[in-house]
Amino acid sequence: MIPATYLEHLNPEQRAAVTLPRQSALILAGAGSGKTRVLTTRIAHLIQTGQASPGGVLAVTFTNKAAKEMLTRISSLLPINPRGMWVGTFHGLCNRLLRAHHREANLPALFQILDSQDQLSAIKRLMKQLNIDDEKYAPKQVVYFINSAKEQGLRANEVEALDDMTQRYREIYTAYEQQCQREGVVDFAELLLRSYELLRRNEPLRQHYQARFKYILVDEFQDTSSFQYEWLKQMAGTDNAVFAVGDDDQSIYAFRGANAGNMQTFLHEFAVEKVIKLEQNYRSQGNILDAANILIGHNSERLGKNLWTAEGAGEPIRLYAANSDFDEAQFIVEEIRALIKDGIAASQIALLYRSNAQSRVLEHALFSASVPYRVYGGLRFFERQEVKHALAYLRLIANPEDDTALLRVINFPTRGIGARSIEQLQAAVREQGISLWQAACKKGGKDSTKGAPAFVLLIESMRRDTAGLNLAEQVEHLLHASGLVSHYQASKTESDRVENLEELINAANAFIKEYDGERTEEMPDALTAFLTHAALEAGDNQAASGQEAVQLMTVHAAKGLEFHSVFISGLEEGLCPHENSMFEQDGLEEERRLMYVAITRARRRLYLTFAQSRMLHGQLRYGVPSRFLNEIPESLLKAINAPLIHGSSVSGAPAWEATSTLASPVADTEAGQAFRVGQNVSHAKFGPGVIVNCHGRGVNAEVEVNFSQSGTKRLALQYAKLSPA
DNA sequence: GTACTCGTCATTTTT
DNA sequence: TGACGAGTAC
């Protein structure tokens, strides 16, 4: 039961969104405006008031984390079994659909899911098979081609191939489709495409689901791709209500296909009458919000929205100009220590950066100062080599025709099946159109104690011996029978991998606990369910240490999180906004949204830092402060060590110049005018910039200048109208 | 098979 | 600078 008071705790806009009658609507939910609360309360409200049954609700999110969070919050509001509700990621829901209708979708009941790694190795294997030069056609490019095609809803025969290259790609795509079909595996993009085609082709089925899901809710709508939007249209039909929640200002995933333009399209195509803006922010104090609002105001492509808070202005935003990346890291560590000393929990302090490479200096400084920290990103549990190996054995038990899995472990741990033997098997595959497993079986006869025949026997005995066991017992058995555990135990350098293998047993145990009793007609087999879980949900990407630690992550990874204190580091042109973004359509605006996301993570205290010089790709680079710093009004900032940087460039002698310890090569013109590395200059055409390199003297003198607007250029001093700024 | 060297490359990332 | 993959030597 929802307490009657629950609705009263919502602000008027939130309440309007929660109680909206059945119709399509767009909820523009700003950062920290209670978006998840609105989504979950609406679902609970719909069920509570009898407008919808749990089975009649479809809610889509982008991450498993978000889906889980939503389910937890719904079950805390309502005493129902949330399993009947379709709440999940696009891929998770597609999987559910395809499991339930695998025959109609032309898939085996126990089809397996390839993750990105598996997909790449499947492509590599295929290309070897087809004798395609991987120098000329990079496997990664092929994967990209296939995934892009699928994400446009195109099958191999529907791709237009105007040139030889594309023609070739298309051939590989065709062969890949056949290979996947033969092996009974689907990749991520296939989950979406296959279920889309299923709905489209199969009218009774489509009508069934359209009649069932009268209410469809979409989280992070700005992150939907064009194809996901089409998928939603199939599900919704012409008559259903889509409740889309999103924030165009937080669209930071265009590079992986997100199309925030879906919001506009949605308004038209679903004849949306209600656009509700959630603008009251419950997270950050005034100055932080002002900075965010003003910054994002520089973007032109916006639906328009302004965050406000009932709280006061709070502290000013602190700005630190560092001499070097090293200095920047030192400063940050000192401040963090002070914050922790003041009683701020380390886990409430976030250290954000644009690109992962920036974390190293920061980590080093934190480590030296013995400040506990935790870096997000990197390998996740189910992506680890040893875990993938173990899963491959599991997959072979479920389906020995799974060539990807077989290749992964046929010689791991090594059992004398070298490249030659595998070549032979693959030749048989080519000639006879059979799976590697079948080829290996045929090789039996003479000596079954070694080589491929022994491997066949091993897998068969594994299957026999695990037949009566539960999932966790199966895993445990395989780990030993395969020799994985003893292999890693014996290893000098990799013995810590054993722990992860043990953790896999725990994961299997946890999985059956959660899944038993929930076994549905959609997921008849615990083993397949577990493998699906592993593929679809690669697990946390940080070690589950749970201890108090400062949080280090990219700005992307910080989306959706909040912290008491936030440091945004590396605010230099070229890094943030990233130089590569300049080549992309609307690249700068996306970078600005990134900055917006970063700023709005902070509740009370925000630090912005930049470094005048930075080690990048093994070279010292001189940077100019990010333009985003100029876009934040001076009145909101408090400079810690340097004059404010407003106006076109730094005026007066910045603090760092006096203390700079960097060598400064000099270039003089004939007229005796001297320029040196690190100096701020201004060019008639290119505007402000900083000298990053000097060459030659006199009439031959040249300088390389990193211009804030137009990148790095090499200029002859004799001709360039360059003036000190 | 493993351990080494060399060359290449260097946003952002979920499923 | 430094991480990673491919290729080579033992």
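Remember, it's a predicted structure, so these values are computed and weren't measured experimentally.
- Considering only side-chain N and O atoms, A:Arg256 lies nowhere under 4.0 angstrom from the phosphate OP1 or OP2 of B:dT11.
- Residue-level contact check: A:Glu190 touches neither bases nor backbone, having no heavy atom under 4.0 Å from any strand.
- The side chain of A:Arg380 places an N or O atom within less than 4.0 Å of a non-bridging phosphate oxygen (OP1 or OP2) of B:dT15.
- Under the 4.0 Å criterion applied to side-chain N and carboxylate O atoms, A:Glu514 and A:Lys68 are not assigned as salt-bridge partners.
- Nucleotides of DNA chain B nearest to A:Phe188 and A:Arg420 differ in position, and the one nearer the 5' end is that of A:Arg420.
- Aromatic stacking of A:His578 on B:dT11: satisfied, with centres closer than 5.5 Å and planes within an angle under 30 degrees.
- The shortest distance between the side-chain N/O atoms of A:Ser581 and the OP1/OP2 oxygens of B:dT11 is not below 4.0 Å.
- Base orientation of B:dT11: syn, the glycosidic angle falling within 90° of 0.
- Using bins of under 30°, 30° to 60° and over 60° for the plane-to-plane angle, the ring pair A:Tyr229/A:Phe221 lands in the perpendicular bin.
- At least one side-chain nitrogen or oxygen of A:Asn356 sits closer than 4.0 Å to the OP1 or OP2 atom of B:dT13.
- The aromatic rings of A:Tyr253 and A:Phe255 sit tilted, their planes meeting at an angle between 30° and 60°.
- Between A:Tyr196 and A:Arg194, the side chains place no donor N or O within less than 3.5 Å of an acceptor N or O (distance only, hydrogens not considered).
- Comparing B:dT14 with C:dA3, their C1' atoms are spaced 23 Å from each other, to the whole Å.
- To the nearest 0.5 angstrom, A:Glu183 atom CD is 9.0 Å from A:Arg395 atom CZ.
- Taking a 4.0 Å limit (strictly below) on heavy-atom distances, residues 409-418 of chain A reaches DNA chain B at A:Thr414, A:Gly416.
- A donor-acceptor contact closer than 3.5 angstrom is absent between the side chains of A:Ser225 and A:Asn259.
- Between the side chains of A:Gln358 and A:Ser355, at least one donor N or O sits under 3.5 Å from an acceptor N or O.
- Between A:Phe382 atom CZ and A:Leu536 atom CG the span is 11.5 Å, to the nearest 0.5 Å.
- Between the side chains of A:Thr609 and A:Glu328, at least one donor-acceptor pair of N or O atoms lies under 3.5 Å.
- Backbone-only contact: A:Tyr253 has heavy atoms under 4.0 Å from sugar-phosphate atoms and none from a base.
- One N or O donor and one acceptor, one from the side chain of A:Ser116 and one from the base of B:dT15, sit under 3.5 Å apart.
- Across all strands shown, A:Gln228 has no heavy atoms under 4.0 Å from either base or sugar-phosphate atoms.
- Side-chain nitrogen and oxygen atoms of A:Asn64 include none within less than 4.0 Å of the OP1 or OP2 phosphate oxygen of B:dT14.
- Mapping heavy-atom proximity under 4.0 Å, the span of DNA chain C touched by chain A runs 5' to 3' from C:dT1 to C:dA3.
- In this pair, A:Phe255 lays its aromatic ring flat on the base of B:dT12, centres within 5.5 Å and planes under 30 degrees apart.
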